[in-house]
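In what follows, a single structure is set out as structure tokens and then discussed.
Counting convention: from 1, in listed order, for ligands and their atoms alike. Note: hydrogens, waters and symmetry copies are ignored here, and every other heavy atom, side chains too, is used.
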Amino acid sequence: MAIKTFPAKLVWHKMLSPKVKHLAFKREDGEKLNYIPGQFISVHFEHEDKPLRRSYSIATVDQTSDLIEFAISYVPNGPASELLMNLEVGQTLNFSGAYGRLILRDEPLQRLFLMATGTGVTPYRCMLPTLAQHLQANPALKIILILGVQYRQDALYADEFIDFAKKYPNFEFRTYFSRDELPGRLPHEYQGYAQHAFDALLMNPETDTVYLCGNPNMIDDAFNQLKENGFAIQQVRREKYVS
Ligand SMILES: Cc1cc2nc3c(=O)[nH]c(=O)nc-3n(C[C@H](O)[C@H](O)[C@H](O)COP(=O)(O)OP(=O)(O)OC[C@H]3O[C@@H](n4cnc5c(N)ncnc54)[C@H](O)[C@@H]3O)c2cc1C
């Protein structure tokens, strides 16, 4: 069955870091995108006369807005990277969606770990209003967002997560830098790979639910580590960013 696509126009964009751009699109057909925070949309385009499709996690934090926002990390010579990085305000692309199962479920939670690398943090940005509701409804809930990047400049939306942590003391934000030497380390900053957080945080299959999003290698490493520590498959939800 043919996929139903819809046109959407680029309304604004900004660079979040030297390699990552945040884009905001508005549907041209006047309809609102139905999505659950954590899901992704696909962009459909032609490259060298072949139809291509690439997916991007929805980053929109204001769910009352009719904008579809996402962040793209530039891959040199990648067809979607070149298209999206060079797109100008007012230009239109075709999208479909929303898709995906990296969504918050209606389930009892004690400790919720949201781990990402790079742009894999965008679904968690989209979840912030829902996370706020969970934290308000359940004072015993602890949520830990762990973001793995190479350098401090790559820590996307860090200010927003820091602000959220100030507002909700049971929300902790940690950034792990695999390359930076970290002069003047801030309280939420750590050295190493994101998966290193698991040892420090004493992961416990009795109490913890884990979401993993982004680089497939990080996800496989983290998943294997969790399995070795007694986690069942259904306690670990994954979204791998593969082409
Ligand atoms: C469910 C889902 C959600 C996704 N969400 C996002 C998102 O929110 N933001 C985002 O930026 N991407 C996201 N991706 C990845 C995205 O769909 C594209 O794969 C990515 O933008 C590269 O597409 P491209 O056409 O530019 O390059 P491609 O033609 O796909 O890749 C060109 C070459 O670079 C390699 N490559 C691809 N990605 C990377 C990478 N990250 N690092 C190094 N080499 C790479 C490929 O193996 C290939 O050899 C998501 C993927 C999936 C499946």
What residue among M218, H196, Q150 forms side-chain contact (heavy atoms from CB on, under 4.5 Å) with S178?
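Only match with S178 under side-chain contact (heavy atoms from CB on, under 4.5 Å): Q150.
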Hey, can you tell me if H188 and F173 have their rings parallel, tilted or perpendicular (30° and 60° cut-offs)?
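Because their plane-to-plane angle is under 30°, the rings of H188 and F173 count as parallel.
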Is it the case that S55 and S42 place a side-chain donor and acceptor less than 3.5 Å from each other?
yes
Verify whether one side chain among Y176 and E189 offers a donor that lies under 3.5 Å from an acceptor in the other.
no
Can you check whether [X] has an N/O within less than 3.5 Å of an N/O in ligand 1?
X	value
E239	no
S55	yes
A71	yes

Would you mind listing which atoms of ligand 1 come within a distance below 4.0 Å of any non-hydrogen atom of T119?
7 (C), 9 (N), 10 (C), 11 (O)
Only heavy atoms of I72, strictly under 4.0 Å: list the atoms of ligand 1 that pass.
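Checking each atom against I72, I get 11 (O), 21 (O).
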Of the side chain and backbone of Y56, name the one, both, or neither that has a heavy atom under 4.0 Å from an atom of ligand 1.
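The answer is both.
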Nearest option to atom 32 (C) of ligand 1, as decided by whichever heavy atom of V242, I41, V75 sits closest
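Answer by nearest heavy atom: V75.
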Of the listed options K240, Q39, R54, closest to atom 29 (O) of ligand 1 (non-hydrogen atoms)
R54
Aromatic ring centroids of F223 and F231 under 6.0 Å?
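Ring centroids of F223 and F231 are no less than 6.0 Å from each other.
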